[in-house]
Amino acid sequence: MLGAAFSAGKREACPCCVERLERRGGLRFVPRSDAAPEVCEECLLPPPFAPGAGAAESEVPPFSWPRTVSEIEAAVAKVLADSAANLDAVAAVPDDKLSFESVIRPLMEAPHYKTNPLVCQAKHLQHCSPDAALREAASKAATALAACKKEGKARKDVYNKVSAFSSTEAAKSLGPYETHFVQAILESFERQGLALSPDDSAELRQLLDADADVCSDYKRNLAEDQTRLNFAPEELEGCGQDFIKERLDKDRGMVVLSLRYPDILPVLQNCQVAATRRSVTLARDAACADNLNLVAKGIQLRKRAAQLLGYPSWAHFITKTRMTGSPEKVHDFLGRIMEKAAPGGKADKERLRALKAAHLAERGELPSGEVALESWDVSFYHTLLLKREYGVDHEAIRMYFPCSVVVEGTLAIYQELLGLKFTEIAEFDKWHSDVRLFVVHDTTTGERQGHFYLDLHPRDGKYTHAAIFHLLKRRRTEAGWQVPVDCMLTNLPAPSSDGTPALLRHDDVVTFFHEFGHIMHGLCTEGPANGTTLAKCPRDFVEAPSQMLENWCYDRDVLKRLSRHVDSGESLPESAVESLLAAKNVSEGLMMLRQLYLGLLDLAIHGESPPANAQALQLLVDKMRPEITLIENPPGCNMLRNFGHLMNQYSAAYYGYLWAEVLSADMFATRFSKEPFSKEAGAAYRKTILAPGGVGSIAQHLEKFLGRPPSEEPFLKSRGIMK
């Protein structure tokens, strides 16, 4: 039945109403700029800057999300044309007219950077649109824009102007903020090979383009994986009845699982049937089979690129601009942590193995030979250990963490800690009905800091992990400041079809709290173009601010604020809080060894002698996994098929998670452990750690915040590795 706008024969249906109401669920979807004269008001999207419910014009981000492939293609075409014109203009600046405004400013805020709203509009939907055609078009747009960025860095005529300006007295007299961008632009050109011979420079460009294509194919394979596993309900013994009911195909009587986290994690953690856990593990690490070939191709392309630039490996090339400075320093760091974690890891493994033997004996399934702890056993027996010896039943605890309560509680805590105010916008253009939008203001000055989107639940074609996407960066325009816009994509469980609220595990709560910290980092940076590719936080520090904030999820008062029983409305009982805190570091040695394995595997495949093909990658994983994690790798399994971090900005940089955790533990212990909601510490954290973004020396900012150089000791103590 069609809408009231043309019911009862009052007027003809507009060309779009049938599709809008019957196929699009009533969502408005026609951009005003593209609408035919006869299109009715109900079908038109709000103008990009139109006020939402009660919001001023500036309170809505400057986005109008594409509804057609042609819109994405048009946006890309404009960005590419504007980028070429921008570079041509810089290259044409006469030598006697070189200045910061004529040479550097246009490159700081280039049309293909995220200071331009069209960049986000063109490529973001690859991660989240429910329309496969739009995802494909946005993925192609991302590839085209990445190629545009590389082409810009290959402009020798532009590089020559930057180099010439950098030698002038005007450049030498710039302040530290502007000087950062002069040096960053010079370095970005040189890391793209402009100091090489023409032949080597051309080869480097081909290598980097090919690697971008490989990474794009890898990510698309993960996002579009359609693997489905079928189990009889009894094969999922131990999983909750709600979990089974939500996934039950009633016609066949089978429970259908995808390989997405909300489907597989409850099985690996709770399913009593080892054969089921084994099937899930093998399926997960065997899916996207071609991805292993793509990894092999990518690491060879990166190795050759690094060699052309004068580095012995991709790891050397990457760490050159990180806090560590070299892979040798990374190996030393990981080696020190491993030496301290290994004894506890061995004890943890034996503890879980003994629990497995006892559990199998209870079930009458104890084999005659020795009981081995397999990869599909670790999560299950770790969970069982928490239940039996620490009283931590994560499935019972879920009842206290409805998703809506956790989200609203987290937003409230961040506002209090950082002196910010979040206001939800009711009416705005969105890519899916799940999406929410907020505007952020400083509580003291009233100044607008930025916006953020939340898109929290899984669906087909959506990005499969949890991540923050920085959509728009700060810049000054003729109308005033353009503020940052960020987006959180997660795969937290959605409400059931019968309206039952979505419930989160405590580790989901930690994940949400962590990821939201990245939004605050993006929105609290100060200065034009901060956070762009020319002013990024070093990859081995960027996780530290969010990791530090995870500590709040183990604070008694915070746990009370974030919890409300789905039925009774009561907060988490004191006994459950005590159990969670007591169990925080259970199996920490074994878990730490896994993190060390991932970091060392990353360095190995990006080292001076990377594996030559998929077979060599398999041999490497089969060797390294048991040596470091103490757990055998199942035959044919290879987590490199779904380890997406190594096929994006984290290649040769995964160690940064652990490096950043050390720094984060020190920040919390030094400034927040005694008073987590200290306004003074919160203000210092925002001003000293978040506001500088990627400008200046992160090591100096950190030392200023701590009052001394950082130490590993607080981290080791916080994890129970050091007393």
Side-chain angles (χ1 to χ4, degrees), residues 240 242-243 246 260-263 265-266 269 383 386 392-418 420-424 434-438 440 452-459 462-463 465-468 486-496 499-521 523 545-574 576-581 583-584 676-677:
D242 288 343
F243 175 86
E246 290 165 12
R260 302 193 187 283
Y261 285 129
D263 281 1
L265 285 184
Q269 293 169 339
T383 303
L386 293 178
V392 177
D393 184 344
H394 281 294
E395 290 305 300
I397 288 174
R398 285 176 68 237
M399 303 299 289
Y400 289 90
F401 290 121
C403 186
S404 60
V405 173
V406 172
V407 171
E408 302 312 316
T410 298
L411 301 192
I413 288 168
Y414 271 96
Q415 290 175 85
E416 179 180 346
L417 180 64
L418 298 178
L420 299 170
K421 179 183 179 182
F422 306 158
T423 304
E424 185 162 12
D434 285 349
V435 182
R436 301 172 68 187
L437 172 66
F438 295 79
V440 179
F452 63 87
Y453 295 94
L454 299 180
D455 185 353
L456 303 181
H457 307 306
R459 57 181 178 270
K462 183 183 170 185
Y463 184 78
H465 299 285
I468 299 305
D486 280 7
C487 173
M488 178 191 289
L489 297 182
T490 68
N491 284 271
L492 299 176
S496 302
T500 303
L503 302 175
L504 305 184
R505 292 171 52 84
H506 181 254
D507 52 7
D508 291 328
V509 177
V510 176
T511 294
F512 183 80
F513 213 89
H514 171 106
E515 295 299 338
F516 196 82
H518 287 304
I519 288 181
M520 293 296 95
H521 201 172
L523 269 54
S546 286
Q547 288 170 337
M548 185 199 75
L549 291 157
E550 290 180 17
N551 287 281
W552 274 254
C553 296
Y554 294 92
D555 179 86
R556 294 175 186 277
D557 293 337
V558 171
L559 284 170
K560 297 282 188 179
R561 291 174 63 173
L562 291 177
S563 59
R564 186 187 307 149
H565 194 279
V566 66
D567 295 323
S568 69
E570 296 177 350
S571 60
L572 195 65
E574 186 62 28
V577 173
E578 286 287 350
S579 296
L580 270 179
L581 297 181
K584 180 175 179 286
F677 287 95

Engineer: Please round to the nearest 0.5 Å and tell me the distance separating atom SG of C487 and atom CD1 of I519.
Structural biologist: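 Here the rounded value is 7.5 Å.
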Engineer: L559 versus Y400: any side-chain heavy-atom pair under 4.5 Å?
Structural biologist: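 The answer is no, as the side chains (C-beta and beyond) never meet within the 4.5 Å cut-off.
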Engineer: Could you check whether atom CZ of R564 has more than 12 heavy atoms from other residues, nucleotides or ligands sitting under 6.0 Å from it?
Structural biologist: no
Engineer: I'd like to check L454 versus V435 (side-chain heavy atoms, cut-off strictly below 4.5 Å). Are they in contact?
Structural biologist: no
Engineer: What heavy-atom pair brings P262 and P458 nearest, and what distance separates the two atoms?
Structural biologist: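 Nearest heavy atoms, P262 then P458: CG-CG, 4.1 Å.
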Engineer: Mind running side chain to side chain contact (heavy atoms under 4.5 Å, CB included) on T511 and T490 for me, showing each step along the way?
Structural biologist: CA-CA 9 Å; T511 294; T490 68; 5.6 Å; no
Engineer: Just one of F677, F452, F422, F513 clears the ring pair (Phe, Tyr, Trp, His ring centres under 6.0 Å) bar with Y414, so which one?
Structural biologist: F513
Engineer: Testing the basics here: between G517 and S546, what is the closest heavy-atom pair and its distance to 0.1 Å?
Structural biologist: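 Here G517 and S546 meet closest at C-OG, 3.2 Å.
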Engineer: If I take atom CG from residue L492 and atom SG from residue C403, how far apart are they, to the nearest 0.5 angstrom?
Structural biologist: 5.0 Å
Engineer: Within the side chain of H506, is there an N or O that forms a donor-acceptor pair under 3.5 Å with the backbone of C553?
Structural biologist: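 Present.
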Engineer: Please tell me if the side chains of H521 and I468 come closer than 4.5 Å, counting only heavy atoms from C-beta onward.
Structural biologist: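 No - every pair of side-chain heavy atoms lies 4.5 Å or more apart.
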Engineer: So how far is it from H394 NE2 to M399 CE, rounded to the nearest 0.5 Å?
Structural biologist: 16.0 Å
Engineer: Which pairs, with at least one residue in residues 401-411 and sequence neighbours excluded, count as a side chain to side chain donor-acceptor pair (under 3.5 Å)?
Structural biologist: E408-R436
Engineer: Which pairs count as side chain to side chain donor-acceptor pair (under 3.5 Å) when at least one residue sits in residues 548-558, sequence neighbours excluded?
Structural biologist: H514-E550, R556-E574, R556-E578
Engineer: Taking all atoms of both residues into account, what is the closest heavy-atom pair of E395 and R505, and its distance?
Structural biologist: OE2-NH1, 3.5 Å
Engineer: On the 0 to 90° scale, with breaks at 30° and 60°, tag the H465-Y261 ring pair as parallel, tilted or perpendicular.
Structural biologist: tilted
Engineer: Sequence neighbours left out, what passes ring pair (Phe, Tyr, Trp, His ring centres under 6.0 Å) with H457? Give chain and number order.
Structural biologist: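 Counting only residues at least two positions away or on another chain, H457 forms no ring pair (Phe, Tyr, Trp, His ring centres under 6.0 Å).
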Engineer: Do V440 and K421 have side chains that get closer than 4.5 Å, going by heavy atoms?
Structural biologist: no
Engineer: Dump the intermediate steps for side chain to side chain contact (heavy atoms under 4.5 Å, CB included) on F512 and V407, then the final yes or no.
Structural biologist: CA-CA 8 Å; F512 183 80; V407 171; 3.8 Å; yes
Engineer: So L523 and D486, do their side chains get closer than 4.5 Å, heavy atoms only?
Structural biologist: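 Contact flag for D486/L523 side chains = yes.
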Engineer: Which value, rounded to the nearest 0.5 Å, describes the distance between I397 atom CD1 and L504 atom CG?
Structural biologist: 12.5 Å
Engineer: Report yes or no: does Q415 contribute a side-chain atom to a donor-acceptor pair with the main-chain N or O of L411 at less than 3.5 Å?
Structural biologist: yes
Engineer: Start with the C-alpha distance between I413 and V558, add both sets of side-chain angles, then the distance that settles side chain to side chain contact (heavy atoms under 4.5 Å, CB included), and finish with yes or no.
Structural biologist: CA-CA 8 Å; I413 288 168; V558 171; 3.6 Å; yes
Engineer: Are the side chains of Q269 and D507 in touch, meaning some heavy atoms are under 4.5 Å apart?
Structural biologist: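 The answer is yes; the side chains approach within 4.5 Å.
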Engineer: Nearest 0.5 Å please: distance from the CG atom of D242 over to the OG1 atom of T500.
Structural biologist: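 That separation rounds to 6.5 Å.
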Engineer: Show your working on side chain to side chain contact (heavy atoms under 4.5 Å, CB included) between L549 and L417 and close with a plain yes or no.
Structural biologist: CA-CA 10 Å; L549 291 157; L417 180 64; 3.6 Å; yes
Engineer: Donor-acceptor check, side chain of S563 to backbone of L572, threshold 3.5 angstrom: yes or no?
Structural biologist: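 It does hold such a pair.
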Engineer: Report yes or no: does K462 contribute a side-chain atom to a donor-acceptor pair with the main-chain N or O of D455 at less than 3.5 Å?
Structural biologist: yes
Engineer: Which distance, rounded to the nearest 0.5 Å, do you find between the CE of M520 and the CG of L420?
Structural biologist: 6.0 Å
Engineer: Can you see which heavy atom on P493 is nearest to which on L503, and at what distance?
Structural biologist: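 In terms of heavy atoms, the two residues are closest at CG-O, 3.3 Å.
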